Structure formats: structure tokens, C-alpha cells
Amino acid sequence: MYGKAFAPEYQGSLTTLSVNSSLTDVLAAGTEQLRAAERAGQPGEAARSGLAVAEAHRRLGRVEDADRAWKASYRAARQAGDVGAMAWALWSGGTLARQRGALPLARRLLRLAADLGERGDDVVVRGYSLAGLAETGRIQGDYEAVGRLHEQLLAEARRRGEARHTVWALEGIAQMHRNTGRYDSAYALFEEAAEIAARADDRRGHAWALRGLADVVSVRDGDTGRALELLSEAEATCRAMRLSSALAYNHKMRGNVLYRAGRYAQAREWYEQALKEFREMSEPRGEALSRLGLAKSLARLGRDRDETAAELAELAGLLERIGLQHARRMVARAHEELGIPAGERATEAAL
């Protein structure tokens, strides 16, 4: 049995904030409490309030502000000698690093956070940090290495009745199943995640689950209308909560759904929208995936073959540098789908 979802990253005087609080409200409340703690000379409270500020900035796509905020939170926690707060600040920094495509840094910070969480006897931050490590590996496409960790964290979350973490683990496992062609099991896992999130009032987790369901409905069933309905439902939540990153990924998925349906001009418009959003928040993974979808759409709409080949070659190099194995395989499939051999490039791209 799962209780109502809660947000352990909202700490100190901010524990009354809900997992569904608008990020602008979280930022305002966190900033107010942070300033009050600084004036009162309370570094422990400043660290806890600063964590909420860092997370609000990160989820709003304000990466430079988020970077400053988590580092300030860590310094305040260290001044207070609060090992748990230090761990939470490192977790926030590691999560931001993953969002920015700095995956080696993300792993290093998240590992440190997990170690500090264990030292500080904070089982929640340790679990969140291990989950962050698992998600980093999953994003890279290293499914064999992190699949067992996802399953372990799912079992722990179920045992403790933690709805939000259960939803996260289910969605991560579902995504790996979807990416390896196991669509029926992926659908079942996304569906379970959506049901648990709805019952626990975890609107963010519910929106991500709906996006996953839309993807499977599109690729497995070819049901474009239903997929777009699910994405519209998820988008309403993203907008209400100001979930900038989730909204951009929603728009990219809308492009995917329309592309699969052969509606290339519409797909191009959504990929362009998502690309703009990802660039504004400096999220290279989403930017690269949007560029890939856009390149495929433009090719279908008659773009010059050499230009497409050059774009795919550039994307392959970018994804190699980021370390995204699954995304690199997507570029290889794009070459096959468009009938452009992987070695074929425009003259300028080869120089």
C-alpha cells in the first residue's frame, strides 16, 4: 500500500511544500527562507532552503542559477557540519550534471552523495543518489550494468511504500524494456507507474508515465490519436507545475509520434519547438535527440542528401562525446531508414 507522494528535497522550514507545488512557488518560498537563514546566521537551515532553490532552478531549466545554488547549499551544510545536507546538495549537483550532459561528473557527485548519505545515516538521500546513478547509466544505454540496480531500488521502494520512488523505478525499467523492443512489458510497467502516481497524487511522475504510454501506443499500436491525447494530458500538468524539461521532452515525443505517422511537416514544427526549449535550458541530450528527429523530418521533406549526411555525422560525434550508447544506435538506424550509408558525408563534414 502506498501513501501520498512527498518531496524529501523540500526540507527544514519548507517541509510543508507539496511534491506538486508550482516550481515558481517553491523558488519564491525557498529564496525567502534562505535569506532569512543567512540573516540569522543559521547555515544548516540555509543549506536545506538552498537545496529547494537549487532544485527549483534546475527543473525550470535555469542551469547557471542551479549550479550556484547547489554549491552554496553544500558550503553552508559543510559549515554547519550537517553530513546529510551535504549529501543532498551533492545529489542536486549530480542531477544537474546529468541534465547538462556531464555524465562522468554526474556519476562522481552522485557516488559521493550516496557515500555521505550512508555516513550520515540518511537512507532517503542514499536511495535518491543510487537512483541517480542508475538513471545516469540507463540514459547512457548501459542497461546490463544498471538494470539490477533499478530492480533493487524498486523492491526497496515497494517495501517501504514510497510511491514516488516506486514510480521512478517502474518508469526507468519500462524505458529500458521499450528501448529493447519489449513493448508489452514496457506498456504494463508505464501503466502501473501511472496508476500508482495518480493514487499518490504524484503529478510529475504521472506526466512522465503518460509520456511513456504515448510512446508505446505510437510505436507498438500505431495509434497516433491516442498517443497525442496522452501527451496533451501530460502537457497540462507540465505547464501547471512549470516543468520545463519534462515539457520539452513531451514536445519532442509529440514530434516522434507525428513522424511515425508520416506527418513530417507537423513533426518538424514540434522538433523545432523542443530544440528551442532544450537550447534555452542548456540540456544537450534533449537538444541532440531533437536535432536527430528534425534531421529525419527534413530529409523526408526533401532536404539535400549531403546536408542530412553531414548532420547525422555531427550528431554521431556529439553523442559519442556525451556517451549515449542508445542514442548512437538511433543515429545508426536513421542512416538505414533514410538510405544514407554511415560513411557518406558532405565534403565539408569530412574536412
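Given the structure is predicted, the values throughout are model-derived calculations rather than measurements. Numbering starts at 1 and runs along the sequence shown.
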Apart from Leu258 itself, which Ile, Leu, Val, Met, Phe, Trp or Tyr residues share its cluster (side-chain heavy atoms under 4.5 Å, direct or through members)?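 Besides Leu258, the hydrophobic cluster comprises Leu228, Leu231, Met253, Val257, Trp270, listed by chain and residue number.
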
If you measure only the distance, is there a donor-acceptor pair under 3.5 Å linking the side chains of [X] and [Y]?
X      : Y      : value
Arg138 : Gln175 : no
Glu235 : His251 : yes
Thr166 : Arg160 : no
Thr24  : Arg242 : no
Glu283 : Ser245 : yes
Asp201 : Asn20  : yes

Yes or no on side-chain contact (heavy atoms from CB on, under 4.5 Å) for Arg300 and Glu337, after CA distance, side-chain angles and deciding distance? CA-CA 10 Å; Arg300 294 294 192 183; Glu337 180 184 331; 3.3 Å; yes

Report yes if the distance between the aromatic ring centroids of Tyr187 and His177 is under 6.0 Å, otherwise no.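 Between Tyr187 and His177, the centre distance exceeds or equals 6.0 Å.
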
Is any NZ, NE, NH1 or NH2 atom of the basic residue among [X] and [Y] found under 4.0 Å from an Asp or Glu carboxylate oxygen of the other?
X      : Y      : answer
Arg211 : Glu171 : no
Arg58  : Glu9   : no
Asp215 : Lys252 : no
Lys276 : Glu280 : yes

If I compare all heavy atoms of [X] with all of [Y], which pair ends up nearest, and what's the gap?
X      : Y      : result
Leu27  : His57  : CD1-NE2, 3.5 Å
Ala85  : Asp82  : N-OD1, 3.0 Å
Ala56  : Leu23  : CB-O, 3.9 Å
Ala248 : Glu277 : CA-OE1, 3.2 Å
Ser290 : Ala274 : OG-CB, 3.6 Å
Ala234 : Asn250 : CB-ND2, 3.6 Å

Do [X] and [Y] sit in one hydrophobic cluster, given that two such residues count as connected whenever their side-chain heavy atoms are within less than 4.5 Å of each other, even indirectly?
X      : Y      : value
Ile173 : Val167 : yes
Trp70  : Leu103 : no
Leu96  : Leu116 : yes
Val124 : Tyr10  : no

Assess whether side-chain contact (heavy atoms from CB on, under 4.5 Å) is satisfied between Ser13 and Arg48, documenting all intermediate values. CA-CA 8 Å; Ser13 58; Arg48 303 284 178 174; over 6 Å; no

Do [X] side-chain atoms and [Y] backbone N/O form a donor-acceptor pair below 3.5 Å?
X      : Y      : value
Arg98  : Gly132 : yes
Ser21  : Ser18  : yes
Ser129 : Val125 : yes

I would like to know whether Trp88 and Asp122 meet side-chain contact (heavy atoms from CB on, under 4.5 Å); could you show each step before the answer? CA-CA 10 Å; Trp88 276 108; Asp122 188 329; 3.3 Å; yes

Candidate pair Asp67 and Lys71, rule salt bridge (Lys or Arg N to Asp or Glu O under 4.0 Å), full reasoning: CA-CA 6 Å; Asp67 190 55; Lys71 290 175 180 175; 3.1 Å; yes

Residue that, paired with Glu156, satisfies side-chain hydrogen bond (donor to acceptor under 3.5 Å, both in side chains) out of Arg159, Arg158, Gln152: Gln152

Arg119 atom CZ, neighbour heavy-atom count above 12 within 6.0 Å: no

Just grab all the ring-ring contact (aromatic ring centres under 6.0 Å, His included) pairs involving residues 129-152, residues at least two apart or on different chains.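 Sorted result for residues 129-152: His150-Trp168.
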
Stepwise salt bridge (Lys or Arg N to Asp or Glu O under 4.0 Å) check, Glu151 with Arg148: CA-CA 5 Å; Glu151 295 284 358; Arg148 288 187 297 276; over 6 Å; no

Residue pair Leu170, Phe190: steps toward the side-chain contact (heavy atoms from CB on, under 4.5 Å) verdict: CA-CA 7 Å; Leu170 286 168; Phe190 278 128; over 6 Å; no

